[in-house]
Amino acid sequence: MLDPKFVLENPELVVKKAAARGVEINLDEVKEFSREKKNYLQKAENLRYERNKASQLVARKKREGEDPSSIISEMKEVGREIKLLEERLKEIEEKQRKILLTIPNIPHESVPEGKSSEENVEVRTYGEKPEFSFQVKPHWEIGKKLGILDFERASKIAGSRFAVYLGAGARLERALINFMLDIHTAEKGYQEVIPPFIANEKSLLGTGNLPKFENDLFKLRGYRWYLIPTAEVPLTNFYRDEILEADSLPKRFVAYTPCFRREAGSYGKDIRGLIRQHQFNKVELMSFSLPENSYQELERLTQDAEEILKRLGLHYRVVVLCTADLGFSGAKTYDVELWMPHRKKYMEISSCTNCEDFQARRANIRFRREAKTKLEFVHTLNGSGVALGRTVSAILESYQEEDGSVIIPKALRPYMNDLDRIT
RNA sequence: GGAGGGAUGGCCGAGUGGCUUAAGGCGGCGGUCUUGAAAACCGCUUUCCGGGUAACUGGAACGGGGGUUCGAAUCCCUCUCCCUCCGCCA
């Protein structure tokens, strides 16, 4: 959520910035509500002042054995008026909050303007596109042939957009999880977390998934619970409604979790293979940062995600998302995109985002600089470090051999019982 | 699933309708003392929203929501969460 004060003081800017994202918003109501609010609030406060004074008088009279009944009957009416005003205030505040919750974050000044993902800007690449002397196969064919991926049985068990990993395939997935967690914890200073894979409404409101994007989520029938679409949700809400000490920042966490997404409206997109699943594994990085350091932290987070791909010897590029492609809560996002040899295209493997204080304001995560200074909102950052299923696909395709076998990247072999090749 | 007990400021904790402007402690900050430090002592120390250049000043918040009352941390209803015991369970 944006700072309501900021929105009221800079309505043109907010509208303009939302438009750059392709989102049309109207702030007339918000302005009107705040005018009304002020009016009612003043009236209510004056009446309360009156009542507080009268209350003290009643108490004194009673103590001194005098009759306070004239004041009491007078205050009866005042009490009714206050209640009416309070009701109206609550209504207005709720309406205003509802609107404010649907306004997207303001993109950072360094974010390029654009109308679609086509206008994302490449900032760097790593490695080279692998060359093949034979016809490259897609990962789902490789996986099926090796007996390590089974999509048919997955759809029997659950439905489409699910996968079964078998044998060396399951082992590969598990090896990658451990590999990533080890690097992030032992080398990069993140604290490992295993959070709940289910989150409540407040948590999803905190990250910005609710109220606008409920259709992307799996909701548990009969409960106010959702399956998490990313570990960003439990990790961000770890400190919801808490006050942190400034010198404890940044706080960096890493979590492996499954992620669950409805993928409603993505029919026909990426229907084959592991690319777009209802359930996938992800190692997620999260950082709570001082505002003045958050952009430096974003660079660091992105590099930590890249480190995984470098060690796996995979070719990738980093793009900065343009205004139109930026997510709802983000102020700036770097996508790390892996090269997919079969498709001959780059594919998102990690999304590293600085949400600034947008989520912190929703989730009420603050910090104190010194004993007597005002509380401020932290900046929250998250990034995949990295997504598992897509990494497996890229490994299968990039390291495939003509005979259908797949070489295991050197860095992973210690995690695979020194297996060097899946045959 | 059943029975009972709880939720109070950064933390702990007192408070059963108006002398509460939320006691007291811890922690934090400042001071006295000291060559310095510790101890001791003294003072300050919740957050949010308004008004004011400021000193200051008004209001709100005792888990969330609702109710009773002139007046609620305190009484009633309801929801959430935590704890204890019983049952079930990896």
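Reminder, nothing fancy here: chain letters follow the sequence lines and each chain counts from 1.
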Verify whether one side chain among A:Asn382 and A:Thr353 offers a donor that lies under 3.5 Å from an acceptor in the other.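 Absent: no donor and acceptor within the cut-off.
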Testing the 3.5 Å rule here: is there a donor-acceptor pair between the side chains of A:Asn52 and A:Ser55?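 Their side chains do not contain a donor-acceptor pair, so the 3.5 Å distance test is not met.
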Taking the [atom1] atom of each, how far is [N] from [M], in whole Å?
N: B:C81; M: B:C76; atom1: P; answer: 22 Å
N: B:A73; M: B:G13; atom1: C1'; answer: 14 Å
N: B:C33; M: B:C42; atom1: P; answer: 16 Å
N: B:C75; M: B:C62; atom1: P; answer: 14 Å
N: B:G30; M: B:U80; atom1: P; answer: 46 Å
N: B:U8; M: B:G15; atom1: C1'; answer: 9 Å
N: B:G18; M: B:A72; atom1: P; answer: 11 Å

Nearest whole Å is fine: how far is [N] [atom2] from [X] [atom1]?
X: A:Asn39; N: B:C49; atom1: CG; atom2: C1'; result: 16 Å
X: A:Leu85; N: B:A60; atom1: CG; atom2: C1'; result: 15 Å
X: A:Leu89; N: B:C49; atom1: CG; atom2: P; result: 15 Å
X: A:Phe377; N: B:U47; atom1: CZ; atom2: C1'; result: 11 Å
X: A:Gln42; N: B:A60; atom1: CD; atom2: P; result: 15 Å
X: A:Asn364; N: B:G63; atom1: CG; atom2: P; result: 17 Å
X: A:Arg60; N: B:U20; atom1: CZ; atom2: P; result: 15 Å
X: A:Glu93; N: B:G50; atom1: CD; atom2: P; result: 11 Å

Heteroatom pairs (N/O) under 3.5 angstrom, protein to nucleotides 6-17 of chain B:
none

Under a 4.5 Å cut-off applied to non-hydrogen side-chain atoms, are A:Phe238 and A:Lys251 in contact?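 A:Phe238 vs A:Lys251: side chains apart.
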Would you mind reporting whether A:Val319 and A:Tyr334 have side-chain heavy atoms less than 4.5 Å apart?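 When only atoms from C-beta onward are counted, A:Val319 and A:Tyr334 do not touch, as no gap falls below 4.5 Å.
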Within this structure, what is the [atom1]-[atom2] distance for the pair [X] and [Y], rounded to the nearest 0.5 Å?
X: A:Ile308; Y: A:Leu176; atom1: CD1; atom2: CG; answer: 9.0 Å
X: A:Ile177; Y: A:Tyr415; atom1: CD1; atom2: OH; answer: 12.5 Å
X: A:Gln96; Y: A:Glu36; atom1: CD; atom2: CD; answer: 10.0 Å

Which residues pass the salt bridge (charged side-chain N to carboxylate O under 4.0 Å, His left out) test with A:Glu337, not counting sequence neighbours?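 Listed in chain order: A:Arg317.
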Side chain to side chain contact (heavy atoms under 4.5 Å, CB included) between A:Ser393 and A:Ile275, worked out: CA-CA 8 Å; A:Ser393 345; A:Ile275 306 308; 3.8 Å; yes
If we ignore hydrogens and angles and just use 3.5 Å, is the side chain of A:Ser73 paired with the main-chain N or O of A:Ser70 as donor and acceptor?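 Yes, A:Ser73 side chain to A:Ser70 backbone: donor-acceptor pair under 3.5 Å.
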Does A:Glu292 offer a backbone N or O that forms a donor-acceptor pair with the side chain of A:Gln296 under 3.5 Å?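 Such a contact is absent between A:Gln296 side chain and A:Glu292 backbone.
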Tabulate atom names and distances for all N/O pairs under 3.5 angstrom spanning the protein and nucleotides 55-58 of chain B.
unit_1: B:G58; atom_1: N2; unit_2: A:Glu45; atom_2: OE1; d: 3.2
unit_1: B:G58; atom_1: N2; unit_2: A:Glu45; atom_2: OE2; d: 3.3

Residues which pass side-chain contact (heavy atoms from CB on, under 4.5 Å) with A:Arg343, listed by chain and number, not counting sequence neighbours: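 Residues passing side-chain contact (heavy atoms from CB on, under 4.5 Å) with A:Arg343: A:Asp270, A:Met340, A:Lys345.
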Who is the Watson-Crick or G-U wobble partner of [N], with both distances under 3.5 Å?
N: B:A73; answer: none
N: B:U68; answer: none
N: B:C11; answer: B:G25
N: B:G58; answer: B:C49
N: B:U84; answer: B:A3

Evaluate the criterion ring-ring contact (aromatic ring centres under 6.0 Å, His included) for residue pair A:Phe358 and A:Phe328; output intermediate values, then yes/no. CA-CA 10 Å; A:Phe358 188 83; A:Phe328 179 75; 5.5 Å; yes
With a cut-off of less than 4.0 Å, is there a side-chain N or O of A:Lys38 near OP1 or OP2 of B:G51?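 For B:G51, OP1 or OP2 has a side-chain N or O of A:Lys38 closer than 4.0 Å.
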Annotated protein contacts, base or backbone, on nucleotides 70-82 of chain B with a non-hydrogen cut-off under 4.0 Å, one of B, S, - each: BS-----------
Under-3.5 Å N/O pairs linking protein and nucleotides 64-68 of chain B:
unit_1: B:G65; atom_1: O3'; unit_2: A:Lys90; atom_2: NZ; d: 3.2
unit_1: B:G66; atom_1: OP1; unit_2: A:Lys90; atom_2: NZ; d: 2.5
unit_1: B:U68; atom_1: OP2; unit_2: A:Lys83; atom_2: NZ; d: 3.0

Could you pull out the closest heavy-atom pair between A:Glu376 and A:Pro291, with the gap in Å?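 Taking A:Glu376 first and A:Pro291 second, the nearest heavy atoms are OE1-CG, 4.4 Å.
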Parallel, tilted or perpendicular: which fits the ring planes of A:Phe162 and A:His278, with parallel below 30° and perpendicular above 60°?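 Because their plane-to-plane angle lies in the 30° to 60° range, the rings of A:Phe162 and A:His278 count as tilted.
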For RNA chain B, whose closest nucleotide is more 5', that of A:Leu41 or that of A:Gln56?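 Of the two residues, A:Gln56 wins.
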